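Keep in mind that this is a model prediction, so the values were computed, not measured.
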Amino acid sequence: MMMKTSDPKEKSLITKKDLNKVFWRSFQMEFSWHYERQMNMAYVYAMIPILRKLYQTKEEMASALKRHLEFFNTTPHIVTLILGINAAMEEENRLDKKFDEKAIDSIKTSLMGPLAGIGDSFFWGTLRLIATGVGTSLALQGNILGPILFILIFNIPHVALRYLFTGWGYKLGTGFLKKIQSNGMMDSLTLGASIIGLVVVGAMTASMIDITIPLSIGSGEEAVTIQSILDDIMPQLLPLAAFGIVFYLLKKEVKPLSIIGGMAVVGILGAWIGIF
């Protein structure tokens with residue numbers, strides 16, 4: 001039997017004013033960036049107006065805040081698209097007791113990588129270069145319009161898209177969630193988003209962790225480095241092992257700062273004795 005759902009506009013708890021608060025808070029997305037979870041604190045800060053509107057009890061609010069404190073990083077200029085979608089999902093979670101809360105983080109994780117690729121290419125790789133070219137050419141001639149046009153050419157499209165994406169993300173999330181709920185596809189969506197999220201994390205592990213062992217066996221032209229042997233067994237084996245160790249320690253509730261400190265000590269000792 002197909003589940004009936006009412007029009008989201010008839011029972012919407014989130015208003016345009018709430019979404020505008022999210023938009024304004026999104027500008028500080030890189031102010032509290034850190035290496036452990038990158039944009040997570042800023043993301044929570046941007047979501048707080050929505051969470052306060054939806055959850056009244058201390059326990060519900062604490063659970064929602066914790067849910068959005070997971071690792072997050074994407075191009076800051078289009079982060080409002082994900083914020084809008086998450087706002088719609090949080091609203092649905094508030095209205096539907098059977099809603100799977102895990103889907104909220106899964107969707108966020110699966111979107112941040114692809115959107116970062118698009119956002120970086122457009123804003124950093126295209127728009128910024130155009131703005132820099134126009135601004136620099138005028139500035140070299142002593143024209144005061146150089147820096148002014150640089151700021152305007154880059155920021156007018158950026159701010160406009162940031163604002164529009166907030167509403168578009170919310171509308172997309174609301175309509176999409178209603179459709180997949182009526183079709184019974186939520187479990188499949190959550191599984192697919194989780195798989196994509198794991199692929200993104202795996203790619204980040206291979207590309208962002210650099211561990212090598214330059215020690216060699218033999219001498220002269222016959223020398224073979226240990227790193228080449230490991231690469232023949234499986235490329236990026238050491239980063240994978242490092243990730244596994246860190247994950248194991250986190251599961252054992254070892255404090256992240258202790259792990260980072262231990263890694264720094266190992267790196268210093270390894271460089272000192274010539275291992276790394």
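- Residues L249 and I245 have side chains in contact (heavy-atom distance under 4.5 Å, counting atoms from C-beta outward).
- The cluster map of Ile, Leu, Val, Met, Phe, Trp and Tyr, joined by side-chain heavy atoms under 4.5 Å apart, puts L238 and M234 in the same cluster.
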Intermediate values then yes/no, side chain to side chain contact (heavy atoms under 4.5 Å, CB included), M112 and K108: CA-CA 6 Å; M112 67 179 183; K108 182 172 68 174; 5.7 Å; no
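- Hydrophobic clustering, with ILVMFWY side chains joined whenever heavy atoms are under 4.5 angstrom apart, keeps F31 apart from V159.
- When the side chains of ILVMFWY residues are joined at heavy-atom separations under 4.5 Å, either directly or via intervening members, I153 and L129 end up in two distinct hydrophobic clusters.
- Under the 4.5 Å side-chain heavy-atom criterion for ILVMFWY residues, a single connected hydrophobic cluster contains both F99 and L65.
- Using a 30° and 60° split on the angle between ring planes, F123 and H77 fall in the parallel class, below 30°.
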Report the C-alpha separation of T80 and W168 in whole Å, then their side-chain angles, then the decisive distance to 0.1 Å, and conclude whether the side chain to side chain contact (heavy atoms under 4.5 Å, CB included) test is met. CA-CA 9 Å; T80 49; W168 291 347; over 6 Å; no
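- T75 contributes a side-chain N or O that, together with a main-chain N or O of D120, makes up a donor-acceptor pair within less than 3.5 Å.
- Residues L237 and F247 fall into different hydrophobic clusters, defined by Ile, Leu, Val, Met, Phe, Trp and Tyr side chains chained together at heavy-atom separations under 4.5 Å.
- A donor-acceptor pair is defined here as one N or O able to donate and one able to accept, closer than 3.5 Å; such a pair exists between the side chain of R162 and the backbone of P76.
- Across all non-hydrogen atoms, the minimal contact from L152 to P157 is O-CD, 3.9 Å.
- Atom-to-atom distance recorded for L172:CG and I85:CD1 is 4.5 Å, nearest 0.5 angstrom.
- Q141 places no side-chain N or O within donor-acceptor distance of the main-chain N or O of L138, the cut-off being under 3.5 Å.
- Across all their heavy atoms, A103 and M89 have their closest contact at O-CE, 3.5 Å.
- Less than 6.0 angstrom separates the ring centroid of Y35 from the ring centroid of W33.
- For the atom pair I156 CD1 and L127 CG, the distance stands at 10.5 Å (nearest 0.5 Å).
- Heavy-atom neighbours of L140 CG from other residues, nucleotides or ligands within 6.0 Å: above the threshold of 12.
- The minimum heavy-atom distance linking I78 with L115 is given by the pair CD1-O, 3.2 Å.
- Interatomic distance, I50 CD1 to N86 CG, rounded to the nearest 0.5 Å: 10.5 Å.
- Taking both residues in full, the closest heavy atoms of M47 and H68 are given as CE-NE2, 3.8 Å, listed atom of the first, atom of the second, then distance.
- In this structure the side chain of M263 reaches within 4.5 angstrom of the side chain of V246, judged on heavy atoms.
- When side chains are defined from C-beta on, I48 counts as touching R25, because their heavy atoms get closer than 4.5 Å.
- A side-chain donor-acceptor contact under 3.5 Å links N155 to the backbone of I151.
- Note: F150 and F154 have parallel aromatic rings, judged against thresholds of 30 and 60 degrees for the angle between ring planes.
- In this structure, the separation between OG1 on T74 and CD1 on I82 is 4.5 Å, given to the nearest 0.5 Å.
- L19 and T166 make their closest contact through O-CG2, 3.4 Å (heavy atoms, listed as atom of the first residue, atom of the second, distance).
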Side chain to side chain contact (heavy atoms under 4.5 Å, CB included) for F72 and D105? Distances and angles first, verdict last. CA-CA 10 Å; F72 181 81; D105 187 58; over 6 Å; no
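- Nearest approach of L250 to P256, heavy atoms of both residues: CD2-CG, 4.2 Å.
- Atoms CD and CE, on Q28 and M39 in that order, are 10.0 Å from each other to the nearest 0.5 Å.
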Output, in order, the C-alpha distance, side-chain angles, deciding distance and verdict of side chain to side chain contact (heavy atoms under 4.5 Å, CB included) for Q236 and L240. CA-CA 6 Å; Q236 302 297 331; L240 177 62; 5.9 Å; no
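- The backbone N or O of G146 lies less than 3.5 Å from no partner atom in the side chain of T136, so there is not a single donor-acceptor pair.
- Here CD of E36 is found 10.5 Å from CE of M41. Values are rounded to the nearest 0.5 Å.
- Using a 4.5 Å cut-off on side-chain heavy atoms (C-beta onward), Y55 and N93 make contact.
- With hydrogens and angles ignored, the 3.5 Å screen pairs a side-chain donor or acceptor of D18 with a backbone N or O of T15.
- Not a single donor-acceptor pair under 3.5 Å links the side chain of S63 to the backbone N or O of E60.
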